[in-house]
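Excluded from the calculations below are hydrogen atoms, water molecules and symmetry mates; all remaining heavy atoms, backbone and side chain alike, are included. The sequence lines fix the lettering, A, B, ..., with proteins before strands; numbering per chain opens at 1. Because the structure is predicted, anything quoted here is derived from the model rather than measured.
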Amino acid sequence: MNRLAQGVILLLLGGAVLKASLGDIYLRYVKESLQPFLVGAGLMLVAAAVMTILHELRHGSESHVDDHGHEHREPRVGWMLLAPVLGLLLVAPPALGAFAAGQSGSAQLQDANLYPPLPEGDPAQISVLDYATRSIFDKGESMKGRTVKLTGFMSQGPGGKQVLTRIMLTCCAADGRPLKIGLEGNRPEGVPDDQWVEVVGRYSPTSEKDPINGSEIPHIEVIDWKPIDPPRNQYE
Amino acid sequence: MRVTVTDRPAVKADAPPSPKPTSRFGSVEVLALILIALVVFRGPIAAKILEFPRLQTWTTVFVSVMVQAMPFLVFGVALSAVIAVFVPRSFWSKALPKHPSLAVPVAGAAGVVLPGCECGSVPIAGSLMRRGVTPAAALAFLLAAPAINPIVLTATAVAFPRNPEMVVARGGASLIVAILMGWLWLRLGKAEWIKIPHRPDLDGMSKGRAFWASCRHDIIHAGGFLVIGAMAAATINIFVPEQWLQTLAGNPVISVIALALLAVLLSICSEADAFVAASLTQFSLTSRLVFLVVGPMVDLKLISMQAGVFGRRFAFRFAPTTLVVATVIASLAGLVLLS
């Protein structure tokens with residue numbers, strides 16, 4: 001791969017990173033807090049590309065000599081950088097969904113020790129993580145007499161029953177772990193996997209074991225539900 | 001469809017470098033053709049990938065690892081270019097003690113100031129040897145720099161937000177392994193095993209040009225290997241059933257050996273490996289520490305780079321020894337610090 005081609009690949013890579021991080025596409029892959037660093041990295045890649053291409057166009061013939069010396073240090077592995085470029089620009093795959101959730105066990109949660117009262121409102125909008133933690137460790141005490149609203153997508157749970165799911169990220173989708181909530185009462189019917197829904201319900205003392213990793217899947221008693229569009233950030 | 005296209009360069013990358021540079025017809029034209037073909041067939045290709053949930057999830061995980069690693073790679077490469085271009089090389093040999101046994105730990109600890117990943121440290125260790133630094137010290141630096149520099153340790157802290165002791169354990173164990181390997185080389189190493197590299201580098205360029213040339217080279221080089229690592233990581237992530245990994249993860253000895261080998265096979269850039277380790281949630285912290293200590297020191301791309309820069313006789317002795325020492329020391333560090 002000669003240097004002009006390297007410059008073009010750097011330009012494509014920088015452009016792809018900038019395009020993903022200036023819109024909302026990056027939220028499918030990483031945490032929101034990474035955005036400024038992604039923009040910086042994209043700009044740096046574009047700068048390196050511009051410097052390389054300008055230099056090659058001006059002094060194209062000189063670099064042939066250099067290429068001999070550098071030959072074994074610039075293997076064709078650089079071509080591999082086309083893969084993320086195409087992944088971001090052409091495919092831009094969606095955020096992890098029902099398939100990934102079905103492959104992994106529900107996340108193991110940690111006791112928070114302190115469960116403050118639910119936020120104002122009836123129903124109170126809380127995260128799936130918050131509901132699961134309050135169900136498992138607080139046995140629903142802090143949710144007594146209240147209704148809650150959860151947002152997630154449908155995926156296959158234990159025994160082929162659909163569960164409400166949200167995927168939790170630490171850094172990027174490679175470490176994504178699903179949080180699953182079993183549904184009782186007025187269960188959503190006829191909703192395909194991966195469809196986002198908003199569920200209003202109250203604490204249910206039932207729970208079950210996820211056969212994949214033995215973690216606990218809490219249940220919710222559904223009062224009402226409706227299909228919704230995916231939220232801007234699909235992870236928790 | 002896209003996989004077929006991207007697989008082709010992988011085969012090329014494995015082939016030994018051709019004795020003569022390929023003719024001027026080539027890279028740019030090939031690149032243009034690939035891109036035109038992909039833009040034309042964009043719709044069907046994207047649709048095909050989205051049709052298969054497994055392939056789609058693979059693509060999501062692969063792209064995620066790349067996006068997550070990109071800022072770390074780019075800033076690491078830029079800082080490493082600053083040091084390569086603006087810090088005089090003679091500085092290193094002046095800064096090291098004259099006695100080789102003392103130079104080894106100092107050079108190992110000096111790895112702290114070289115933010116970069118392992119791909120960057122191989123050529124730097126070569127140029128240190130050229131400048132008259134004793135090979136044992138240069139090797140300690142080579143092993144330590146990718147593992148204990150601030151960017152890698154910061155990435156580790158970010159990836160393990162609930163286990164700050166992981167950062168201490170990683171830095172400490174990596175430094176100890178690097179120093180032990182340096183001393184081992186002093187005792188057992190033979191000069192004829194190493195082919196000291198000589199080649200024109202960034203000398204003779206203006207500082208600005210040298211800086212951008214170093215950036216371009218490192219991003220293309222290290223980035224290309226990062227892509228391979230991300231693909232392997234995505235494959236493991238999608239195709240290895242969680243229950244199977246759990247069986248391995250259950251046994252403390254087997255889990256350590258499994259993750260040591262996984263680190264060698266995955267060949268993930270040290271600036272990104274902490275995020276992959278964080279995702280291996282079924283495994284004990286100790287076995288994940290082994291993964292983080294072994295990865296930056298021994299992996300497939302490093303072995304090939306070391307064989308290229310220092311010669312095969314060196315790489316085939318050095319890499320297996322390092323693997324054993326790193327696994328043992330990291331396990332001990334895990335027992336002491338993480339349990």
Side-chain angles (χ1 to χ4, degrees), chain A residues 1-10 13 17 20 26 28-30 34 37-38 40-41 44-45 48 51-52 55 67-84 86-88 90-91 93-96 99-100 103-105 108 170-175 177 212-213, chain B residues 2 6 9-10 12-13 17 21 26-28 31 34 38 42 45-46 49-50 53-54 56-57 59-68 70-71 74-75 78 123 158-159 161 199-200 209 212 215-217 219-221 223-225 227-228 231 233-234 237 242-243 246 275-276 278-279 281 308:
Chain A
M1 157 178 265
N2 69 29
R3 295 194 180 171
L4 195 55
Q6 292 182 22
V8 174
I9 285 196
L10 286 180
L13 189 62
V17 170
Y26 75 100
R28 298 174 185 176
Y29 314 118
V30 292
L34 199 68
F37 303 101
L38 281 172
M44 188 73 194
L45 285 168
M51 297 307 285
T52 302
H55 184 267
D67 265 341
H68 283 278
H70 280 260
E71 192 194 1
H72 62 289
R73 294 179 61 207
E74 290 173 10
R76 309 205 166 125
V77 73
W79 284 101
M80 295 303 284
L81 285 171
L82 273 179
L86 303 176
L88 276 172
L90 293 192
V91 184
L96 292 182
F99 177 82
Q103 280 221 316
S104 319
Q108 307 269 2
T170 310
C171 294
C172 75
D175 63 50
R177 289 159 300 150
I212 299 177
N213 64 348
Chain B
R2 191 174 67 83
T6 52
K12 280 186 175 176
S27 318
V28 178
L31 186 56
I34 293 178
L38 281 158
R42 170 196 169 152
I45 291 172
I49 286 177
L50 299 187
R54 194 179 283 274
Q56 177 199 317
T57 306
T59 316
T60 304
V61 173
F62 163 66
V63 170
S64 302
V65 174
M66 286 307 299
V67 170
Q68 171 71 47
M70 206 43 79
V74 170
F75 294 127
V158 172
R199 54 158 188 273
R209 236 208 97 197
W212 290 112
C215 283
R216 170 191 52 79
H217 169 267
I219 292 170
I220 293 283
H221 202 131
F225 284 109
V227 172
I228 296 175
M231 286 178 165
N237 203 301
E242 189 169 343
Q243 269 156 333
Q246 257 199 323
F275 302 110
V276 176
S279 74
T281 42

(request) For residues Ile49(B) and Pro93(A), determine if any side-chain heavy atom of one lies less than 4.5 Å from a side-chain heavy atom of the other. (result) no
(request) Taking the side chain as every heavy atom from C-beta outward, state whether Val67(B) and Leu38(A) have any atom pair closer than 4.5 Å. (result) yes
(request) Side chain from CB out, backbone as N, CA, C, O: work out which of these in Leu34(A) comes under 4.5 Å of a heavy atom of chain B, or both, or neither. (result) side chain
(request) Return the set of residues passing side-chain contact (heavy atoms from CB on, under 4.5 Å) with Met44(A) (not counting sequence neighbours), or none when no residue passes. (result) Val74(B), Ala78(B), Phe211(B), Trp212(B), Cys215(B)
(message) Within this structure, what is the OH-CE distance for the pair Tyr29(A) and Met70(B), rounded to the nearest 0.5 Å?
(response) 13.0 Å
(request) Output the distance between atom CD1 (Ile219(B)) and atom CD (Gln6(A)), rounded to the nearest 0.5 Å. (result) 10.5 Å
(message) Rounded at 0.5 Å granularity, tell me how far OG1 in Thr59(B) sits from CG in Leu86(A).
(response) 11.0 Å
(message) I need the Leu13(A) CG to Met66(B) CE distance, nearest 0.5 Å.
(response) 6.5 Å
(request) Output the distance between atom CG (Leu31(B)) and atom CH2 (Trp79(A)), rounded to the nearest 0.5 Å. (result) 5.0 Å
(request) Would you please name every residue forming a side-chain contact (heavy atoms from CB on, under 4.5 Å) with Ala95(A), sequence neighbours left out? (result) Arg28(A), Gln234(A), Tyr235(A)
(request) Please examine the side chains of Phe62(B) and Pro84(A), heavy atoms only from C-beta on, and report whether any two atoms are closer than 4.5 Å. (result) yes
(request) Considering only heavy atoms and a distance below 4.5 Å, find which of Ser64(B), Gly224(B), Ala234(B) pairs most often with chain A. (result) Ser64(B)
(request) Answer yes or no: is there a side-chain heavy-atom contact under 4.5 Å between Leu96(A) and Val61(B)? (result) yes
(message) Quick one, Met80(A) and Met231(B) - any side-chain contact, counting heavy atoms below 4.5 Å?
(response) yes
(request) Might you point out which heavy atoms bring Leu50(B) and Pro94(A) nearest each other, and give the distance in Å? (result) CD2-CD, 3.7 Å
(request) Count the heavy-atom pairs under 4.5 Å between each of Val17(A), Leu81(A), Ile9(A), Val30(A) and chain B, then report the option with the highest count. (result) Leu81(A)
(message) Is any side-chain heavy atom of Arg54(B) closer than 4.5 Å to one of Phe99(A)?
(response) yes
